Amino acid sequence: MKPRTRVTHLPTVTVPPDNRPLVAPIHQSVKFSFDDVAETRRNSAGERDGFQYSRVSNPTLRQLELALCDLQGRDSCLLTGSGVAAIALALLGLLKAGDHVVYFAELYGPTRALVSRLLGRYGVSNTMLSVDDLDALERLLASTPTRLIVFETPTNPVLKVVDLERITALARAHGALTVLDNTLAGPHNHGRFDVDVYVHSLTKFVAGHGDVMGGAVIARQELADRMRHDAITLGPTLDPHAAFLILRGLKTYFLRWDAHCANAQRVAEFLAGREEVSRVRYPGLPQDPGHALAARQMHGAGAVVSFDLATGLEAGTRFAEALELFSIASSLGSTESLVVPPALQQPRGLTQEQAAWSGIGAGTVRLSVGIEDADDLIADLRQALERSNG
Ligand SMILES: Cc1ncc(COP(=O)(O)O)c(C=O)c1O
C-alpha cells in the first residue's frame, strides 16, 4: 500500500475474545461492512444481527439503549441528539392529521410549542389543560376523541406531582396514548405505571455532568417500532461519542441522584424557614401538596426546588446575581448548582388563565441543586437572600 492508501485503510487491531476491555470501546464509525452482499441483505431484512449505518443503529448506542430499557422497565429505546428531539420524535411518530392531543400549561415550553405550533400546522388539534385538574381531563376525554396525552411529573419549574394511576387509567379507558416526559424524575422512576411512552432529556440527570446532550424515547416494542421507522427518515440520532459520555455518566447515576436529593431536601427545608420566601415547592417537604403522591410514586424527589421571593421579580434578579456557587443557567440535573431567576422564566405564549395554571409567579426562582457540600450551598443561599433583601 502506498501512503495515501495506508492512511485511508488503517491497520486493523483485533482484541482476542478472552482479552476484553472493561469499558466498551466507542464505535465512532458511520459505516459497518459485511464481506458479502448476501449477508448485507440478510442484515437489512432483519434476518441476522449486525450494523450498517449509524443513523439507523450503532453498537455504542445499542449499549446505552439496553441500559435505559432496563432502568425504565420497557423493551425498546430510541436515542436522539437532544431531549427536545426525543419529544418531537415521539409525537411526530404517533400522531397524524385529524388527531387530537391533550397537553398542559405546566409543560416544558418547547413541548407546548411543538403541540400548538408545529403539530397544529400538520392538522393535529389540541386542548390545553392544567395538571391540577384531572376532572377536566376526564370530562374532555368523555366528549372529545383523543389520540394522545403528553405530560410531565414532577412539572418544571413548580414541581407539581401528577397522579400517574389516575391519568393512565383515564387515558386507557378512552383509548388515548400517554407520553410522559420523565426527565425530572429520571429513568429509574415511574416504570411500574401504565405509561405508553417515556421521553427523557439525557442531557440532565442521566449524563449528569453538563458536557453532553442527548435524548431517549422508551416504549414497548410495538410502539417503538412505529417511531423507529420515522426516526430513520427524520434522522435525529445521537452521536456515538455522545452515547459513550452518557454511558459513563450512567455509572454514577444513582450516586448522583441520591446526593442531589439529599442536598435538595436540605435546601428546601432551609428555604421553608426563611421569611423572605413566601412559598417553597419540593415534593420532599412534608407540607408540599405533592408530597404524599411523590412518596407513593417516586424514589427520591429530585434536584429541582422552586420558591417564591415575596419581593418579586427585581429581588429575584438581585438574589440570583448575589449567589456565588449557583450559576445563572437554564439546565438542571448536573453536578453543579444552577439558578433560574424569575425574569428568565416568565411563561410565554399563554393566556392569563393558563399562565396562572403554570404556577410561575412574579417571584418564582428555580434551583437545580448540585452535589456540592450542602452546608456551602445553604451558606451561599443565606448570604444571597440577605444581600438581595437590603
Ligand atoms: C422537562 C424537560 N424536558 C425536555 C427538555 C429538553 O432537553 P434538551 O435540552 O436535552 O433538548 C428539558 C430541558 O430543560 C426539560 O427540562
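For clarity, every value in this text was computed on a predicted model and none was experimentally measured. Counting starts at 1 for both ligands and their atoms, following the listed order. Here, residue 1 is the first one in the sequence, and each next residue gets the next number.
- A salt bridge links Arg274 to Glu386: at least one charged side-chain nitrogen sits closer than 4.0 Å to a carboxylate oxygen.
- The aromatic rings of His299 and His188 are tilted relative to each other, their planes meeting at an angle between 30° and 60°.
- The contact shell of ligand 1, taken as protein residues with any non-hydrogen atom closer than 4.0 angstrom, comprises Ser82, Gly83, Val84, Ile87, Tyr108, Glu152, Asn156, Asp181, Thr183, Leu184, Ser201, Thr203, Lys204, Met213, Gly214, Leu332.
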Distance-only check: which donor-acceptor pairs under 3.5 Å involve side-chain atoms of residues 2-24, not counting sequence neighbours?
from	atom 1	to	atom 2	distance (Å)
Arg6	NH1	His9	O	2.5
Thr8	OG1	Arg4	O	3.3
Thr8	OG1	Thr5	O	2.9

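- For the residue pair Thr127 and His100, a side-chain donor N or O sits within less than 3.5 Å of a side-chain acceptor on the partner.
- Among Asp75, Asp225, Asp196, the one residue that satisfies the salt bridge (Lys or Arg N to Asp or Glu O under 4.0 Å) test with Arg220 is Asp196.
- For Asp35, the CG atom counts as loosely surrounded, since its 6.0 Å shell holds 12 or fewer non-hydrogen atoms of other residues, nucleotides or ligands.
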